[in-house]
Amino acid sequence: MYEELIEAAKAARLRAYAPYSNFLVGAAVLTRSGKLFPGCNIENSSYGATICAERVALGNAYAHGERELAAIAIVADTPTLCPPCGICRQVLFELGGGHFDIVLANLRGDVRVFTPAKLLPEAFSQAFLT
Ligand code: THU
């Protein structure tokens, strides 16, 4: 399952700009209409300006007017699966919505699927702002 999405994330990973960490991450968003939007991490000499691959992919989908998202694959070359950082979990929770698969994969063929609520229990959300 999600083979094509994982392949898109692997391809995006090779486009990462990561001269400081040399840690390449790729991501790809799948919309409910079946379109794919890639992302990769983009680092900066002002380290805090770095953007993670998954947020680039989500932004790419949104910038193309896509808001009905089905899944995202996130790929790194790690022996165990690379978990999204805290900021990305918050963004995945907000933009992924209730029915959204977060597919973590590595180059060894390991794959696990999570939901936003699983990765960010007791999340802050827009519900608290109304
Ligand atoms: N990174 C991602 O792109 N996604 C993750 O899920 C974890 C970390 C990036 C940020 C930075 O460019 C590099 O990996 C090392 O932290």
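Counting starts at 1 for both ligands and their atoms, in listed order. If you read the sequence from its start, that first residue is 1, and numbering goes on from there.
Nearest to atom 7 (C) of ligand 1 among the protein's heavy atoms is Cys82 SG, 4.0 Å. Nearest non-hydrogen protein atom to atom 8 (C) of ligand 1 is Cys52 SG, 4.2 Å. When only non-hydrogen protein atoms are considered, atom 14 (O) of ligand 1 lies nearest to Phe23 CD2, 3.3 Å. Of all protein heavy atoms, the one closest to atom 9 (C) of ligand 1 is Asn41 ND2, 3.5 Å. Among all non-hydrogen protein atoms, the one lying nearest atom 5 (C) of ligand 1 is Glu54 OE2, 3.4 Å. Considering only non-hydrogen protein atoms, atom 11 (C) of ligand 1 sits nearest to Glu43 OE2, 3.3 Å.
Between the side chain of Asp110 and the main chain of Leu81, no donor-acceptor pair closer than 3.5 Å is present. With hydrogens and angles ignored, the 3.5 Å screen pairs no side-chain donor or acceptor of Asp101 with any backbone N or O of Val103. With hydrogens and angles ignored, the 3.5 Å screen pairs a side-chain donor or acceptor of Glu43 with a backbone N or O of Tyr20. In this structure, the side chain of Asn60 engages the main chain of Pro38 through a donor-acceptor pair within 3.5 Å. Side-chain N or O atoms of Arg89 include one that pairs as donor or acceptor with a backbone N or O of Leu119 at under 3.5 Å.
Checking atom 3 (O) of ligand 1 against the protein gives a heavy-atom contact under 4.0 Å.
Close approach of ligand 1 to Ser21 is summarised as follows: ligand atoms under 4.0 Å from at least one heavy atom of the residue are 13 (C), 15 (C). Those atoms of ligand 1 with a heavy atom of Pro84 less than 4.0 angstrom away are 6 (O). When each atom of ligand 1 is checked for a heavy atom of Ala53 under 4.0 Å away, the hits are 2 (C), 3 (O).
If you chain together hydrophobic residues whose side chains sit under 4.5 Å apart, Leu104 and Leu5 never meet in one group. Note on Ile42 and Val75: separate hydrophobic clusters, where clusters join Ile, Leu, Val, Met, Phe, Trp and Tyr whose side-chain heavy atoms are under 4.5 Å apart, directly or indirectly.
The CD1 atom of Ile74 sits 5.5 Å away from atom CG of Leu92, with the distance rounded to the nearest 0.5 Å.
Taking 4.0 Å as the cut-off, Ala18 does not count as a neighbour of ligand 1 on heavy-atom distance. At a 4.0 Å cut-off, not a single heavy atom of Ala16 sits close enough to ligand 1 to count as contact.
Residues Leu58 and Val29 form a side-chain contact, since some pair of their non-hydrogen atoms from C-beta on lies under 4.5 Å apart.
In Pro83, the part holding a heavy atom less than 4.0 Å from any atom of ligand 1 is the backbone.
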